[in-house]
A.B. asks: 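The following block contains the structure, expressed as structure tokens.
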Protein chains: 2
Amino acid sequence: MIDVTDIEMVILGIVEKRGPCTPYFVRKQFEHSPSPHFSSSPGSIYPIIARLESKKWLLGRDDNTGKRNRKMYRISVAGRRALRKWLTPPLPRTAVGLTYDPLRVRMYFLNSLSPDEMTQFFDETIEQLQNELDRARRDLLNYDRQTDGFSWLAAKCGIKSLEARLRFMRDAASHVLTECDESTQVN
Amino acid sequence: MIDVTDIEMVILGIVEKRGPCTPYFVRKQFEHSPSPHFSSSPGSIYPIIARLESKKWLLGRDDNTGKRNRKMYRISVAGRRALRKWLTPPLPRTAVGLTYDPLRVRMYFLNSLSPDEMTQFFDETIEQLQNELDRARRDLLNYDRQTDGFSWLAAKCGIKSLEARLRFMRDAASHVLTECDESTQVN
DNA sequence: ACAGCCATGTAATCGGTTACATGATTGG
DNA sequence: CCAATCATGTAACCGATTACATGGCTGT
């Protein structure tokens, strides 16, 4: 019985940030997001928007300006209040503390691999990370820092995070692999 | 219908890493983990261990050596194979790409706050981050780098990640707040 | 004509968690 | 003796996702 979920607040935030919009538009925002965390499928978005409407945080009305049958949603005062509450410290520890990192958790179990497989692990993930970083840097160019300052900032934050992981993996690779060399020499 | 979930592999990995153990022991590992991502409650752990047993990746047997009624689980050959497959590149994009960061996503919506509230946001989260970092650094001392190299490495990775986030938040704070000052002066 | 996008929604499922429930052992 | 910890498990729930289903509009 959690108060609010992150995906609820993200959807609410999108409507607040981009102004009144359709569920379809929200869906596209998720689809084009560089972060793959949330699904952009209709079955994921529509029920949550319905929930937000039942909480009276989003107000929906049928929009018949065009020919198409579509529904516009705008944020309510209560919705804005909920969003600001979610943004206001103190944030829950789960929001500030260690985030979940699938790479980190794999590293924890890496001694289940042979030295050769470890080498492969580091080589390939470093390359994949480099690709992700390149992509993120290209994405950053899509944001206009002047008009969309916080989108730019969040994107930059993602890049910094990827950079840190890449740096760590490079360091770890050289440490782990030289240690393996040493033990090979001893044997 | 996902092949395997991360929590399954983490439990499998713990049994592989620490040797045959009880569900209770696995539970305590989660409980004492610095990463709060997975729940350590019985209702979370026991069903997953049962699932792993039904997949024949874990083999359980009643252990009556002591007085207590407990069940020991060990990893099977197939289990070890599954674990190594999970660790072997190419990893899924979701494992290598941008991880979900509750702080980053909040930053994306930060223009919903007033300048004062933004200041508060940065000040308090920076302090919370510093606390988390201190805690993580203390935790690192519990790992013996020699005997438990990859546990140490993973912990270090978590620290590096926290450091990167803290650095970013400090930078962002000064940038955002000086910009606010400028617009105040202009008005 | 028809592919592809706009646009909306539902049903079934799935994985995980909370809350509940039980009892034995151990240390102070 | 009593609190804390060891130790196991189940039932109900919950939120999110996949897969399914429908139909109109648009550009080629």
A.B. asks: Hey, are A:K71 and A:D62 close enough for a salt bridge, meaning a charged N less than 4.0 Å from a carboxylate O?
C.D. replies: no

A.B. asks: Parallel, tilted or perpendicular for A:Y100 and B:F38, by the 30°/60° rule?
C.D. replies: perpendicular

A.B. asks: Testing A:R84, A:R81, A:R80 one by one against A:E16 for a salt bridge (Lys or Arg N to Asp or Glu O under 4.0 Å), which residue passes?
C.D. replies: A:R80

A.B. asks: Checking all strands, does B:S41 fall into the base, sugar-phosphate, or nothing category for heavy-atom contacts under 4.0 angstrom?
C.D. replies: base

A.B. asks: What nucleic acid atoms does A:S44 come within less than 4.0 Å of, heavy atoms only: base, sugar-phosphate, or nothing?
C.D. replies: base

A.B. asks: Starting the side chain at C-beta, find the nucleotide from D:dT10, C:dT18, D:dT8 nearest to B:K71.
C.D. replies: D:dT8

A.B. asks: The side chain of B:P47 lies closest to which of these nucleotides: C:dT10, D:dC6, D:dT10?
C.D. replies: D:dT10

A.B. asks: Please give, in whole Å, the distance from D:dC14 P to A:D6 CG?
C.D. replies: 19 Å

A.B. asks: What is the separation between atom CZ on B:R70 and atom C1' on C:dT22, rounded to the nearest whole Å?
C.D. replies: 19 Å

A.B. asks: To the nearest angstrom, how far is B:I49 atom CD1 from C:dT17 atom C1'?
C.D. replies: 16 Å

A.B. asks: Does C:dG9 have OP1 or OP2 under 4.0 Å away from a side-chain N or O of A:Y46?
C.D. replies: no

A.B. asks: Measure from CD1 on B:I48 to C1' on D:dT10 and round the result to the nearest Å.
C.D. replies: 15 Å

A.B. asks: Whole Å only: how far is the CD1 atom of B:I45 from the P atom of C:dT18?
C.D. replies: 11 Å

A.B. asks: Which nucleotide, D:dG15, D:dT5, C:dG16, lies nearest any side-chain atom of A:T5?
C.D. replies: D:dG15

A.B. asks: Heavy atoms only, 4.0 Å cut-off, all strands: where does A:R51 land among base, sugar-phosphate and nothing?
C.D. replies: sugar-phosphate

A.B. asks: Rounded to whole angstrom units, what separation is found between the CG atom of A:D62 and the P atom of C:dC6?
C.D. replies: 20 Å

A.B. asks: Measure the distance from CG on B:D63 to C1' on C:dT25 and round it to the nearest whole Å.
C.D. replies: 15 Å

A.B. asks: Between B:R137 and B:E163, is there a side-chain N and carboxylate O pair less than 4.0 Å apart?
C.D. replies: yes

A.B. asks: Give the intermediate values and the outcome of side chain to side chain donor-acceptor pair (under 3.5 Å) for residues A:Q130 and A:D134.
C.D. replies: CA-CA 6 Å; A:Q130 185 65 62; A:D134 291 345; 3.2 Å; yes

A.B. asks: How do A:G43 and B:P23 order along DNA chain D: which one's closest nucleotide is nearer the 5' end?
C.D. replies: B:P23

A.B. asks: Starting at atom OH of B:Y24, determine the distance to atom C1' of C:dT22, rounded to an integer number of angstrom.
C.D. replies: 15 Å

A.B. asks: Would you say a side-chain N or O of A:T22 is under 4.0 Å from OP1 or OP2 of C:dC6?
C.D. replies: no

